[in-house]
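Throughout, a chain's letter reflects where its sequence line sits, starting with A, and its residues are numbered from 1.
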Amino acid sequence: MADRLAPVSDALPAVPPATPGTPARLLLIDGHSMAYRAFFALPVDKFATSAGEPTNAVFGFFSMIANLLRDEQPTHVAVAFDAGRTTFRTEVYEAYKGNRNATPAPFKGQVAVIERVLETMHIPSLTKPQFEADDILATLSVQARAQGMQVLICTGDRDAFQLVNEDVTVLYPVKGVSELARMTPAAVEAKYGLPPERYPDLAALVGESSDNLPGIPGVGPKTAAKWIQQFDGLEGILAAADKVPGKAGESLRENLEQVRLNRQLNALITDLELPLGPEDLAVRPWDRAALHAILEELEFRAIRDRLFAMLPDESGTGPDIVEAAQIDHTVLGAGELGAWLEARAGRPLGIDVRGSGAPANGDAWGIALAGPDGQAASFDLAEILPPDESALAAWLADPAAPKIVHASKEAWHALVGRGLPIAGVVFDTELAAYLCQPDRRAYDLTDLAIGYLHRELGADEAASSGQGALDLELDGTDEGRRAAVRAAAVRDLADVLGGELADRGATDLLENLELPLVDVLARMERTGIAIDSDYLSGLEKSFDAQVQNAAAEAYAVIGREVNLGSPKQLQEVLFDQLGMPKTKRIKTGYTTDAAALTDLFARTQHPFLEHLLAHRDAIRLRQTVEGLLRSVATDGRIHTTFQQTIAATGRLSSVDPNLQNIPIRTEAGRQIRRAFVVGDGYETLLTADYSQIEMRIMAHLSGDEGLIEAFRSGEDLHSYVGSRVFGVPTDEVTPAMRSKIKAMSYGLAYGLSSYGLSQQLSIEVSEAAALMQDYFSRFGGVRDYLTGVVDVARQTGYTATILGRRRYLPDLTSDNRQRRDMAERMALNAPIQGSAADLIKVAMLGVDRELTRRGLGSRLLLQVHDELVLEVAPGERDEVEALVREQMGAAGDAAKDGPLDVPLDVTVGVGGSWHDAAH
DNA sequence: CCTAGTACGTA
DNA sequence: CGTACGTACTAGGT
């Protein structure tokens, strides 16, 4: 270990805006003027979303802002917009700007988008009724100057030249919006031969065509400038109008009124009352996620990166969009960790673990700890000395020593792989962020630090600058310092996210559900499930033979070999070569999915379709088997990873491999489940399913008496519902009736339409609509609930599960019908699917707790949304079954508003394989 | 090599 | 024109 070093102040290079001593820099932009310039500078047909929304003005404007932020490094920014077409100027002079053409249709709407973008960048947009943007800019520039600021005004309106002085520069577009002329006093003087304050006098004489202000015929800028010099300004000229010689003088005398009017109108107002002063316009951190989202929405894809790269936020070279991380990073001397930890006993420390979080063979090679005092320490675990390692191990394993981690399940695997088990995790910043924003797809620490702390961690700074090798010290100090910065961010994030959770009523969800579940899931992943690899290999051969056969027969029918896995080539065969009727339209032509092919086969009986479908099935099964074989670890087991922060509804997901979509519906598919077997030293596998969990939740949430009674009666649900809907006794509900009802019941939880139902059941839309009518007439509570849940979500902005897990659905108020409808279906489904997810998570905690408490050797292996798979130790079968039934059945008692109104039935099966344990 | 589109497995 | 996922493949860009 290195000698003890003095604490290093660790300022990462997000350059602070105004170094002390340099004046603040205010950038003011005339929004409408610059957007309009951008609109004409960029081809509208090259800048539009796939929906046809034009974005050329938005892009040009935003691109210009990015350049300005980069080049000018303003400390303060604001954009002013005209409030409307009528202003005090149009009242004085009706024709003011009256020559302007109607706003082009593709421009309309783009200003609103620009304002939204500015909002995400936290750049204020200012308007003032009856005044123009330039009046706002004029007022602010005068105020800012008085406060000692340097001012830049970006506008395409020449009237702003009157504002130019030693502290105020106008940036005037000369070509498009990318090239701006810097109008300083000298530049104005050079161009017009007058100081800036005389410019409006000149404009009054010459006129301003863009404002529809006529000038004096025969008087151009040269003459005007000469007069202004000669008579000491416009007042002098007007006073001496009689003495002005020549034809021009005559012309002047004929237009005195117009000149007076011009001068009155082109004077900018500098004493408006504004809600914000220059001091309120300081550059603030952006809402990076929202900015990213809006660029996504604008489909700026290819240019988005360029845009982001220009932005100071990303490059870290701009204004104080983000703060630099400030910590004291200490490299501790040998044996000092114990005391360092002791000094912070009982205080939660942030942890950063470097290593691999793989479930089967995790490993950790570095760890950093950050205390509440801004101090952090880091270790290279390959070099750590025994006294420090034992202090670290004891502290990590101590459940009473509070820890804060980002992605604690990965850390768990990494540390366990190093022989350093972790306990006492009181906060996981990834889980917390997930509960706050469940629709996000990623929760990178770097992004959370920017979003919640406005702090740049600078993780890849050394590497990306190409100087990494130079900076990196052999003892790992540089890496250690970055780790310490992350650990400090994790610790600080816990404070902010803890508050966010509390605001959302989600603290309980984190502390008593998701966080305890991490440990359960980690152990499930580490345990894995045993695989009969020999059997699986045999299955692969068998499916492979089927693939070859089906392909050969398919080729024989059409007389040539095509790639049966290519929808494009299949379309050629089906619709061109074989001339079959067209299927449902998709983006790339006509669908060749299984439903369409089956339908085509029913109509044409063409043998190619039969072989094609058989090939699809076989290739799919082979692919599944091959994937599983690849995933078998050296211990003969498959270790999936359960992702806890992916599904927006609260479900888990499973990856590497996905064990939540192993086939079960077809016989051939079920064969694959025979490969999942009980491991050595265990007696059997046990599966436990909730039956009709989502319908039970619907019954509970809706409070529908009929549906609740259906579950209490213990009768077959779909037959019970069918008998009520069709008005026949339960035992006279035919299988066809029952399956219609089943499809309908489940469809309702997904926001099914009558059209969708008709497709599903291959019946007329009218018949489907009638079926829904009958259903709702008997189960009105369900209808009321479904309409109510959307209404409430629209009001509150979110849906909630029985444990208060929220899903935010801002699109419920979208102007876009497609998005709105989608959001409505999400709102219908989220409370149901999410509550089911809550319930099985509660059940998992209960099962795991009881297994441990009773000292049983049986263990949880898998969760498949409404099913748990356990490995049962010898002699524990009956006790485990009872325990699982008990815990799963009781999960409903944890609901926020009291126990469920319906029982939770659990079906249990036992067997040597997953297949045989089914029921 | 990466992305979009298609298809399909589960609950 | 029914929710929530993950994976694998082709095709077309790079």
Side-chain angles (χ1 to χ4, degrees), chain A residues 50 301-302 438-439 441 562-571 583-597 612-613 615-617 619-628 630-631 640-643 645-666 668-670 672-673 689-695 698 743-761 765 768 772 786 799 807 809 817-818 821-834 836-837 840 862-868 914:
Chain A
S50 53
R301 286 182 201 115
D439 275 272
R441 26 190 148 22
V562 295
N563 185 344
L564 297 174
S566 163
K568 190 166 178 280
Q569 294 183 36
L570 282 180
Q571 286 180 46
T583 56
K584 192 178 68 180
R585 188 83 227 198
I586 54 174
K587 279 185 185 170
T588 53
Y590 301 92
T591 183
T592 62
D593 67 18
L597 296 182
L612 175 57
L613 284 164
H615 181 264
R616 279 258 177 89
D617 283 344
I619 211 163
R620 180 104 199 142
L621 292 162
R622 186 184 67 179
Q623 173 184 300
T624 304
V625 169
E626 285 173 346
L628 290 174
R630 274 199 303 276
S631 302
T640 187
T641 296
F642 289 107
Q643 302 194 110
T645 61
I646 295 295
T649 52
R651 274 187 176 181
L652 300 177
S653 76
S654 162
V655 293
D656 299 327
N658 181 358
L659 294 185
Q660 290 179 324
N661 72 342
I662 301 304
I664 193 171
R665 286 172 196 178
T666 65
R670 278 195 291 276
I672 297 176
R673 292 192 169 220
D689 291 35
Y690 278 123
S691 52
Q692 294 136 348
I693 183 74
E694 297 199 338
M695 285 307 294
M698 180 126 89
M744 166 118 190
S745 291
Y746 280 101
L748 288 177
Y750 300 149
L752 185 65
S753 63
S754 53
Y755 175 86
L757 185 63
S758 72
Q759 289 290 298
Q760 168 92 12
L761 298 174
V765 177
M772 289 178 85
L786 293 174
T799 61
R807 179 171 189 185
L809 296 165
R817 202 198 81 233
Q818 198 174 320
D821 287 353
M822 184 69 170
E824 285 182 5
R825 292 193 295 271
M826 290 174 177
L828 291 172
N829 179 250
I832 298 170
Q833 188 184 118
I840 197 158
L862 302 178
Q863 185 252 48
V864 192
H865 309 310
D866 65 356
E867 170 189 11
L868 297 179
W914 196 0

When the distance from [atom1] of [X] to [atom2] of [N] is rounded to whole Å, what number comes out?
| X | N | atom1 | atom2 | value |
| --- | --- | --- | --- | --- |
| A:L564 | B:dT6 | CG | P | 19 Å |
| A:N563 | C:dC9 | CG | C1' | 9 Å |
| A:L659 | B:dT10 | CG | P | 14 Å |
| A:D656 | C:dC5 | CG | P | 17 Å |
| A:Q863 | C:dC5 | CD | P | 14 Å |
| A:R620 | B:dT6 | CZ | C1' | 11 Å |
| A:Q571 | C:dT10 | CD | P | 16 Å |
| A:E824 | C:dC1 | CD | P | 15 Å |

Next on the checklist: On the side chain of A:R651, is there an atom forming a donor-acceptor pair with the base of B:dA11 - under 3.5 Å, no angle test?
Outcome noted: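 In this structure, the two groups form a donor-acceptor pair.
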
Item to check | Base of B:dG9 paired with side chain of A:N661 (donor-acceptor, under 3.5 Å) | outcome: yes

Looking at [X], I'd like to know whether one of its side-chain N or O atoms comes within less than 4.0 Å of OP1 or OP2 on [N].
| X | N | value |
| --- | --- | --- |
| A:S566 | C:dA11 | yes |
| A:K587 | B:dG5 | yes |
| A:R630 | C:dA8 | yes |
| A:R807 | C:dA4 | yes |
| A:R665 | B:dT10 | yes |
| A:R616 | B:dA7 | no |
| A:Q623 | B:dC8 | no |
| A:K568 | C:dC9 | no |
| A:S653 | C:dG6 | yes |
| A:T592 | B:dA7 | yes |
| A:Q643 | C:dG6 | yes |
| A:T649 | C:dA4 | no |
| A:S654 | B:dT10 | no |

Touch check for [X], heavy atoms < 4.0 angstrom, all strands: base, sugar-phosphate only, or nothing?
| X | answer |
| --- | --- |
| A:M744 | nothing |
| A:R622 | nothing |
| A:A594 | sugar-phosphate |
| A:I693 | nothing |
| A:A648 | sugar-phosphate |
| A:Q569 | sugar-phosphate |
| A:L828 | nothing |
| A:G747 | base |
| A:I664 | sugar-phosphate |
| A:I662 | sugar-phosphate |

Is any side-chain heavy atom of [X] closer than 4.5 Å to a side-chain heavy atom of [Y]?
| X | Y | result |
| --- | --- | --- |
| A:T666 | A:D617 | no |
| A:N658 | A:T640 | no |
| A:T649 | A:R807 | yes |

Checklist entry - In Å and rounded to the nearest 0.5 Å, what is the CD to CD1 distance from A:Q571 to A:I586? => result 5.5 Å

Checklist entry - Is it true that a side-chain atom of A:R673 and a backbone atom of A:I662 form a donor plus acceptor pair closer than 3.5 Å? => result yes

Item to check | A:R817, CZ: over 12 other non-hydrogen atoms inside 6.0 angstrom | outcome: no

Item to check | Residue A:N829, side-chain atoms from C-beta onward, closest of B:dA7, C:dT3, C:dC1 | outcome: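 Of all the options, the side chain of A:N829 is nearest to C:dT3.
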
Checklist outcome for this item: Among the nucleotides C:dA4, B:dT10, B:dT6, whichever has the atom closest to the side chain of A:T588 is B:dT6

Checklist entry - Applying a 3.5 Å limit to both distances, which nucleotide forms a Watson-Crick or G-U wobble pair with C:dC1? => result none

Checklist entry - Between the side chains of A:R616 and A:T592, does any donor sit under 3.5 Å from an acceptor? => result yes

Item to check | Closest approach of A:S653 to A:Q660 (non-hydrogen atoms, all atoms of both residues) | outcome: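 Heavy atoms only, the tightest pair is CA-OE1, 3.3 Å.
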
